[in-house]
Every structure is written in C-alpha cells, then in structure tokens.
Amino acid sequence: MDPKEIRERMKIPRQPMGEQPPEERVKNFYEVPLGYTPEQAIEEARRCIQCKNPICVGGCPVGIDIPWFIRLIAEGKFVEAARKLKETNGLPAVCGRVCPQEDQCEKVCIIAKKGESVSIGRLEKFAADYEREHGEVTIPVMPNATGKSVAIVGSGPASLAAAGDLIKMGHKVTVFEALHKAGGVLVYGIPEFRLPKKIVDAEVDYLERMGVKIEYNAVVGKLDTIDELLNEGFDAVFVGSGAGLPYFMGLPGENLIGVYSANEFLTRLNLMRAYEFPEYDTPVLNGDNVVVIGGGNTAMDAARTAIRLCPDEVSIVYRRSREELPARVEEVHHAEEEGVNFRLLNNPVRFIGDKEGRLRAVECVKMELGEPDDSGRRRPVVIEGSEFELPCDVAVISIGNGANPLIPQTTPDLKLNKWGNVIVDEETGRANKKGVFAGGDIVRGGSTVILAMGDGRKAAASIDEYLKTGKW
Amino acid sequence: MFEIVGKKELTHLVWQIEIKAPRIAKKRKAGQFVLLRMNEQGERIPLTIVNSDDEAGTITVIVQEVGKSTSILGGMKVGSSILDVVGPLGMPTHIENYGTVVCVGGGIGTAVTYPIGAALKEAGCKVISIVGSRSKDLLILEDEMRGVSDELHITTDDGSSGHHGFVTDVLGEFIKEGLKIDLVIAVGPIPMMRAVSEVTRPSAINTMVSLNPIMVDGTGMCGACRVTIGGENKFVCVDGPEFDGHLVDFEELVMRNRSYFKEEKMAVEEYTYHEGTRCYDKKGDD
Ligand SMILES: Cc1cc2nc3c(=O)[nH]c(=O)nc-3n(C[C@H](O)[C@H](O)[C@H](O)COP(=O)(O)OP(=O)(O)OC[C@H]3O[C@@H](n4cnc5c(N)ncnc54)[C@H](O)[C@@H]3O)c2cc1C
Ligand code: SF4
Ligand code: FES
C-alpha cells in the first residue's frame, strides 16, 4: 500500500456502532449493540492499512488472518470474509461479540498507536452475521469417513470447536451434554442481550447438519463413564466439561433465601427464561434491591440482567478500586450507563435475614488499598470500624468458579492439579490417560471463549494424529 | 423425548409413572434420582427413581401433585412424552450387609425408602420397616414394602391403620427395648426425618436421611441445592441426596424450600385458571 493511501486511510474516523439507548434497553433483553450497516463495515474495514507483518494476528489467540478478512469486507465480499474467518474460528458470530478484543488483537493493532484501533471485533461480528442472515451458510464437502469415532464431553465452546474440526476430518463425532441445550456458558451464562441465543443455536445446528451427533440430557460419569466410552467403541474422548462449580464465600447467612450464585441466577434467567415467568415455569426472586458481589464479567452480566427485572437499585460490591475491576471496560461502561451503582472498596462480611430467613441486608466493611501483593495489585485492607448495612433482598455471589467435579469423580485415574483442573500436555491437549484429551475451562479454570475454542481445535488436530498413527 | 408407558394412581393425587429411558434404567442404582422437564416452558424438577427395569428399559417415579410441574406430570397420559429426563443423578446409597437396618418411610417418602430397602434386603440385611402416613388411604407401597422387609410396621396419625401415632413412636420403642440397630434410613417429610434423627441421636445410631432441596441443573453447577451438613456447605445433587441425619441443618432446609412459596402459588393459580378443564384429561388414565 503506498504511503499516500495509508495516510488517507488513517484519516478515516473509527465507525461508531449503534446501540439501543440505555433507558430503552433496560426494559428488554434484546441485544444492545445494533451492528454495522454494510456501508459502515466497508468504511471501517478501509481503516486497516493491511500491514505486511500484521501484529494483530499475533494478538489473536487462534491467529485469525485478520488483514485478509478485513480486506474482503473492504471489497464488499462479506460472505467470503466470513468464510475466511471460519478457516480459523468456527464461531465468529460468537467471538465477535464476546472476545475481549481490547486486550487481544485490537490492543496491538498498529493504528492504535496513533489513535483508535481498527474495530476488528465489530467487523468479525458483521461478516458472520451477514453470512448467516443472508442464508449463505453452506455445508462443506465432507471427506470420506475414517471409521474412527470420538466422544466429546460437554458442548461449550471448547467442545463445539473440537467437534467442528473432527467432523470435517471425517471422524464420527458424538457430543454428550448434561443439560437440555448445547452451548455451555454461551447458553446458560452469557445473557441474551450480549449474545442472542439464536446465534448459538445456529452454530449448533450447523454442526448437526455436518453430521455431529448431540446427545442431550447425557451426563458422562453418571450414564457412561469415560472408561466405558473408550471400551464401548469410541477411539478417543475430548473432555470440555467446563468450570461449572460456583464458589461461595463462607460468610454467615450465605444460605438465606435470596442469596444466589451467579451461575444459579444466570441459569434461571438465561437457560430457563425466568424473566418470562409465569409463562415459563422457573421462577427467580425479583428483588427491589439487588447486590452483586464481585467485579468480573460474570458480575457485570448478573448486574445487567438484574437491572432488566425493574428493581429499585442494583449495586456491584467490589473490594478493590475501579482500576482493578477485572471486567471488560466496555461491560463496566454498559453497566454504568444502565444505572448499576458501583460500590467500590466495599467488602461483604455477613448476610442478614428476617424472621422467615429472607435476605434483608448485607453487612459490608469499607476498604482501602495498601501495599501491592504478589499479583502486583494493591492489597485491599479493612478500615476498622467501617461496618455498615446495605439493604437488599437479592444478592448474587460472583467470585468465580472451580472445575466441575463430575468427570474427575468418575475417572479416578485422570490426573488433576490442586484446583481440580485436568492436567494436559500444552501442545497436544493430551491428558495422562490414553485416548483422553481435554481443553477449555476444565483445564484452565475460568478463562475465555476464544482460548477454550483454541484448545478444542488444538486437541482436534492431535486427536486426528492419534487416530491415524495410534501412537500415544 | 421420553415416553410414559405406564401410570397408576396410588392414592389421591399420587401417581406411579413408568417412563421409557433405557440408558438411565441400565445405570441407575438405589438412592439416585432424575430431573424432569415436562415441556419447553417447564422447570427442571427432581424425582427419585423408585424402580427400574433394565430389560424393558424403563424407570419408575412416584409423584405427588403439589405444584404446577407435578400437576402437569400427574395429568399426562400413557403414550405421551416428557421432553427431558436426565439422570441417574446423585450418589447411590451405599449398600452392604450392615446387619439390622430400620427403614422408615413417611408419606410419599416411602417411594424413596422402598428401593433402598429392597437393595439392603438383597445385600443380606435384616430389614425392619416402619411406614407411616396421615391415614390409611394415604399409605403407599404397603405390599411392596412388605415384600422386602423381615418385619413391617404401619403407623397412621389418625389410627385408621396400624399403630395410632408416629413412626418415631415405633422406632423409639425398638430402641427402648434394646434392639440392636446398625443403621436407620429415614425418608419422608422434613419434620419426620428430623424427628427420627432426634430419636436415634442419644444412642448414636447411624441415621441416613434423603434430602429434597430445590434444584436447577442437578450437576453441581448452580448451588441452588446447597445444604449445611455439620457446618459445611454441600450440594445435594452431587454430594447427596443422602446425608447423616445427625449433621443436617433441617431448619435451614425447611426455610430454603420455601424460597418460591409466593411464585409457586401464583403459577398454580395461573395454571388452574388457564387449564380449568384439566380434570377431564385425567379420566381414562387409570
Ligand atoms: C457469566 C459468564 C460470562 C462470561 N463472559 C465471557 C465473555 O464475555 N468473553 C469470554 O471470552 N469469556 C466469557 N466467559 C468465560 C467463557 O464463557 C468460558 O471460558 C468458556 O465458556 C469455557 O468453555 P468450555 O467449553 O471450556 O466450557 P463451558 O462453556 O463451561 O461448557 C461446559 C459444558 O459441559 C457440560 N458438562 C459438564 N460436565 C459434563 C458431564 N459430565 N457430561 C456431559 N456434559 C457435561 C456443561 O453442562 C456445559 O454445557 C464468561 C463466563 C461466564 C460464567
Ligand atoms: S494491525 Fe491493525 S492495521 Fe495492521 S493488519 Fe492488523 S488490523 Fe489491520
Ligand atoms: S442443583 Fe444446581 S448444583 Fe445442585
């Protein structure tokens, strides 16, 4: 690209993404960002200067050929752009929405040095949505069957990525999912207004059309164990069972009525659609004052979901300061716009109930930041005598998840670390047990969609290798 | 989809339902349960697997109509299908030859006591059963319990059958007489399980109870089913459903089970209002 063209392109301002205004969207569960129009997408794509050595690619955990797909968008070849994306990322419509691009590709994009980076995530979402909405999703030509079959435990992003690759390699793929719907956290955790469920459904449908078999209501370990799967005809097993074990804080009153884990609160609302109670049968307590404890993405999801149930107030209680909030900046911003109250440098110490055991307040203490700890973050210390009561009738504990114990419990010879995560070889995703591979949150603890998918793809490649050579 | 292949009314609004679920039937052990979701709008409700038939590929559950979901299930006909059935969940009862075991069933809880009693009998235990209910016509599984017990005692609150009084009267009598009891298994309404645990506590007789908290996923993912056992938080769906009765915080369980009291009432009202003709559907099922 000649220098003049580059200068021209660098003058194009970053295209803003339309959004439902906050006062509207707090009354519904529809998606918040509206997406680019084709004109906006082309304009935004033209901001990419098509670097010879694109550093953005290095920032992408799965190494998407970013300048290539962006060039296709700039040329108006939207469907081709989506197909390019899918060569490396099976779920671009999902990743375009939920990846923390500001910490990955967009963080290192060369344009960011002079101004605002190219909106790689929004372009990814645009291309994928365009392909889907225009009915352009086509089934690839499938290779001859290899005669080998693979069992996949769970249907979160790690598993979906592995399934997509393995089926395209000609293996028979069966996914066993404990719940009645596929997608893992994408369907039970991440809310509709951030990731519409129809997008996940379309991806799952695509896999099924390629021949992936999904068995719902199938809890591996309780029906067949991993050993039984291996003995009964599966040549390899991929474990993508996720980090679904909610941590509680061990505070007095934690089991009062109205105290939820974020997983329970979000599952009731997303998977079971409690926001449509009583048309849907699963209830959730509609609090007047909701307190969400924690500062990560899950906490933002819980708070933003809670505010859509029309309470008087929703607060986030977080023990450090704004700078340390682990959630994406965009999510914090969205939450604030929607009216979530941030009570920073506050820490809960006990839950207080009424006579019937219903939550009526959470007692908190105020904190201040002291010396930096091992992680380099300043350690919060309690300010003596700062106790106060925060009235609330619903509290959502959102302080993280541990590894789901079902698979380890029923596969005693699977090697785990001290947090209960499956230990695998980083390069191949192999566990210590012959024929067993693992990836995603069951290996990493709470992580991200894209890293989980990356694990799934890596494992698929080494499963293929193992099935071809038989070598372990 | 899971077809209902058999259905029988045991007593007023209590149904025994046989469901085609071959994979579950093959794996299920005594003490385990399933979660059911009747239809697309449905919630996920836990029910103990009372019996299973590996050959026929069926499992049997017993349900009492107490709320909307249980009423929908109670109203379903043979030949219709349940959308989702997942299981077998929870830890199986630890079965071995303990010696003398007293199996206590209260009300519909007898549906849970029965398979455990059967498994214990098969393992060689001496099984003494005490089955209680409010009155004679509410007793369930009397013959089945007799079939797996060395001794069967019936109690009714109103004296219409067997001993006039509570299951704990009979159990207390055994203990007073100095009967050597190696294990007590008690399943029924929470006040009954708590009372049984109090009766056995002074002589430190091992007492297992089966808990029935509110559940959502049944796989340890949400924590809805948490209970305090000896001061520790446990998830009933993966760590239970059976726990040492002497360690259970029953008061908390009673409290938590009332979480959605208001919402449940509302759901039932909506349901009976909209589906006012449901009683007709039920005719011809039995
Ligand atoms: C509320 C929330 C918001 C998040 N937001 C983001 C975000 O914006 N961006 C981002 O990148 N990441 C986000 N994450 C993290 C991300 O969702 C996870 O890292 C990712 O989903 C992990 O994928 P996985 O495939 O390992 O497992 P999961 O998505 O956890 O899926 C595991 C699946 O396995 C099933 N399963 C478990 N045990 C068994 C068994 N024994 N048999 C059969 N099935 C079983 C489970 O039911 C589940 O469906 C968020 C997480 C949460 C909880
Ligand atoms: S670094 Fe930025 S400008 Fe360069 S190729 Fe990547 S997206 Fe385009
Ligand atoms: S029902 Fe969700 S953890 Fe037990």
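Chain letters run A, B, ... following the sequence lines, proteins first and then strands; every chain starts at 1.
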- Message: With a 4.5 Å cut-off on side-chain heavy atoms, are Q41(B) and M272(A) touching?
- Response: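 Result no, sub-4.5 Å side-chain heavy-atom pair not found.
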Closest heavy-atom contact between [X] and [Y]?
X	Y	value
V86(B)	A178(A)	CG2-O, 3.7 Å
E43(B)	T282(A)	CB-OG1, 3.2 Å
P246(A)	G223(B)	CG-N, 4.1 Å

Identify which part of [X] has an atom lying under 4.5 Å from any heavy atom of chain B, answering side chain, backbone, both or neither.
X	result
L406(A)	side chain
E177(A)	neither
V259(A)	both
F265(A)	neither

- Item | Criterion salt bridge (charged side-chain N to carboxylate O under 4.0 Å, His left out) on R23(B) and D224(A), from CA distance to verdict | CA-CA 9 Å; R23(B) 289 192 307 186; D224(A) 285 338; over 6 Å; no
- Task: Could you verify whether a donor N or O on one side chain and an acceptor N or O on the other, from T267(A) and D217(B), lie under 3.5 Å apart?
- Result: no
- Query: Listed by residue number, which members of residues 252-260 of chain B have a heavy atom under 4.5 Å from any heavy atom of chain A?
  - Reply: E252(B), M255(B), R256(B), R258(B), S259(B), Y260(B)
- Is K222(A) reaching over with its side chain to a backbone N or O of G90(B), donor-acceptor style, under 3.5 angstrom? yes
- Task: Just give me the residue among L256(A), D281(A), I257(A) that pairs up with chain B most often, heavy atom to heavy atom, under 4.5 Å.
- Result: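 Of the options given, most contacts go to D281(A).
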- Task: Tell me, out of R273(A), E279(A), H180(A), E276(A), who's got the most heavy-atom pairs with chain B below 4.5 Å.
- Result: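 Going by pairs under 4.5 Å, I would pick H180(A).
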- Mind running side chain to side chain donor-acceptor pair (under 3.5 Å) on N404(A) and T219(B) for me, showing each step along the way? CA-CA 8 Å; N404(A) 190 303; T219(B) 65; 4.5 Å; no
